[in-house]
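What you see is a predicted model; the values in this text were computed from it and never measured. Below, chain A is the first sequence line, B the second, and so on; all start at residue 1.
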Protein chains: 2
Amino acid sequence: MQFDEAKNKFVQTWGALGSQWGINKTMAQIHALLMVSKEPVSMEDIMQELQISRGNASMNLRGLMDWGIVYKANKPGERREFFIAEKDLDELATKIAKERSKREIKPALKVLKEVSAVEGDTSEEAKHFVAQTKKLYDFVLKADEMIDKVTEYKDNWLGKLMMKILR
Amino acid sequence: MQFDEAKNKFVQTWGALGSQWGINKTMAQIHALLMVSKEPVSMEDIMQELQISRGNASMNLRGLMDWGIVYKANKPGERREFFIAEKDLDELATKIAKERSKREIKPALKVLKEVSAVEGDTSEEAKHFVAQTKKLYDFVLKADEMIDKVTEYKDNWLGKLMMKILR
DNA sequence: TCAAACTTTCAAAAATAATTGAAAGTTTTT
DNA sequence: AAAAACTTTCAATTATTTTTGAAAGTTTGA
C-alpha cells in the first residue's frame, strides 16, 4: 500500500470507529490525522485534507483540546496556529479514561446512589430495584477506582497490568 | 424518593448515558428497565412504560439479544413472549467486552496491520506514520488480549483484579 | 491606532440516525 | 384450515446531530 492511501484509510477507519463509540466522526478523524503527523499541522491543512469547513475544524479542535489530547504548537516565525496530538499511547489512554470518568462515570454514580435510596415501598419489585441498583453502584464504583489506580502507574501501565494478570 | 420516580430516573439516566457511548437511547432504556425488573416483561409493557412503538421495541429487543444480554422467557400458560436481562454484572461486562472486541476491536486491528505495512516511501512523514500505527497496533492488541484474559476469570474478575492492582 | 491575518461563534442547512405504524409474517388455537 | 394472537419488517416520517459559512471577535505588526 502507498503512504497516501494508507494514511487515508487510517483516518477514515478511525473516524468510523469513533462514531461507534459516540465520538463525532470529524473529531476522530482530526485526531487520527494529528496522531500520524510528524510535524504540527495548521487548521488550513486539516480543512484541506479532510475537506471540512473552517467552523467544523475549529470546533472539533477545541473539543480535542478540552479532552487534553491535542495541543497548540507555535512554529517559530509563523503567525497562525499549529496543532499536535498527544502521541504517547499510555498518556493518551490515561487522559481519555480520566476525562470519561469525570464527565460520565461520576455523574452516573451520583444518580445510582440517589435512586438506590428508595424509601417506604416494601413491594418485591421495589426491593429488587434497590438491590440491583446498589449492586450496579458497587460495580461501577469499583471499575472507576480501577481506572484511578491503573492511571497512577502512568508509565506503561497496560504492560505491567498484563504481567500481573498473566500471573 | 418514591419507587416509580426512582425507576424512571434510572431508566432515563441510563438512556442518556447510552447515547454518549454510542448506544441507541431506546436500547439502553429497555435494558435498564429489564435490569431492574424482577419479573419477565412483555413487549406490551415495554411499549407502555417507555412510550414507544411496537416496531421500535421489537428492533431494539432484537439488538439486545444479539449482544447476548437479554433473553426471551416464556411464562407458563402465556401466549406472548417475555424478556429478561442478564442481571449478573460480571457476566454482563464480560459479554459486552467480548462483543465489542469482536465487532470493533478485531476489525480495527486488521486495518492497523494493513496500513502499517506501507512500502517504498522513505520520507520522514511515512516513517513516522509506520512507527505510530505499529505502536497503536501493539497497544490495541495488548488491550484486547487483556480483555480476553480478564473475562476468562468469569467470576468476579473485577474484584480479583482490584486486589492485584492494589497489591 | 489601524488594518491585515487569523480564529471563534452560531443560526441555518444538511446529513445521519431513530422511530413510527401498517402490512406482511409467524405461530397457536379452535 | 381458518381465524386469532402475536411479532417482525421496512418505507416514510420525525428527531437529533453535525456541518457550513459568514459575521463577529481577536491578535499581531506596521
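Whole-Å rounding puts the B:Met47 CE to D:dT8 C1' distance at 13 Å. Between the CD atom of B:Gln20 and the P atom of D:dT17 there is a distance of 10 Å, rounded to whole Å. Put simply, CG on B:Leu61 is 8 Å from P on D:dT8, counting in whole angstrom units. Atom CH2 in B:Trp21 sits roughly 20 Å away from atom C1' in D:dT17 (whole-Å rounding). Distance, B:Leu50 CG to C:dA18 C1': 14 Å, rounded to whole Å. Separating the CG atom of B:Asn74 from the C1' atom of C:dT28 is a distance of 12 Å, rounded to the nearest angstrom. As rounded to whole Å, 14 Å separates atom P of D:dT8 from atom CZ of B:Arg80. Straight-line distance from the CD atom of A:Glu44 to the C1' atom of C:dT7: 11 Å, rounded to whole Å.
For B:Gln48, the side-chain contact (heavy atoms from CB on, under 4.5 Å) partners at least two apart in sequence or on another chain are B:Gln51. For A:Glu114, the salt bridge (charged side-chain N to carboxylate O under 4.0 Å, His left out) partners two or more places apart in sequence, or in a different chain, are A:Lys110, B:Lys9. By the ring pair (Phe, Tyr, Trp, His ring centres under 6.0 Å) test, A:Phe3 pairs with B:Phe129, sequence neighbours left out. Listed by chain and residue number, A:Lys38, B:Lys127 satisfy the side-chain contact (heavy atoms from CB on, under 4.5 Å) test with B:Glu124 (two or more places apart in sequence, or in another chain).
Salt-bridge formation is detected for the pair A:Arg80/A:Glu78: a Lys NZ or Arg NE/NH1/NH2 atom is positioned less than 4.0 Å from an Asp or Glu carboxylate oxygen.
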TODO: Scan nucleotides 18-30 of chain D nucleotide by nucleotide, 5' to 3', and note B when protein non-hydrogen atoms come under 4.0 Å of the base, S if they reach only the sugar-phosphate, - if neither.
DONE: SSBB-----BS--
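Residues A:Ser19 and A:Met43 both approach DNA chain C. Their nearest nucleotides, taken by heavy-atom distance, put A:Met43 toward the 5′ side.
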List the atom pairs, donor and acceptor, that lie under 3.5 Å between side-chain atoms in residues 62-75 of chain A and the rest of the protein, sequence neighbours left out.
residue, atom, partner, partner atom, Å
A:Tyr71, OH, A:Glu86, OE1, 2.5
A:Tyr71, OH, A:Lys95, NZ, 3.1
A:Lys72, NZ, A:Glu81, OE2, 3.1

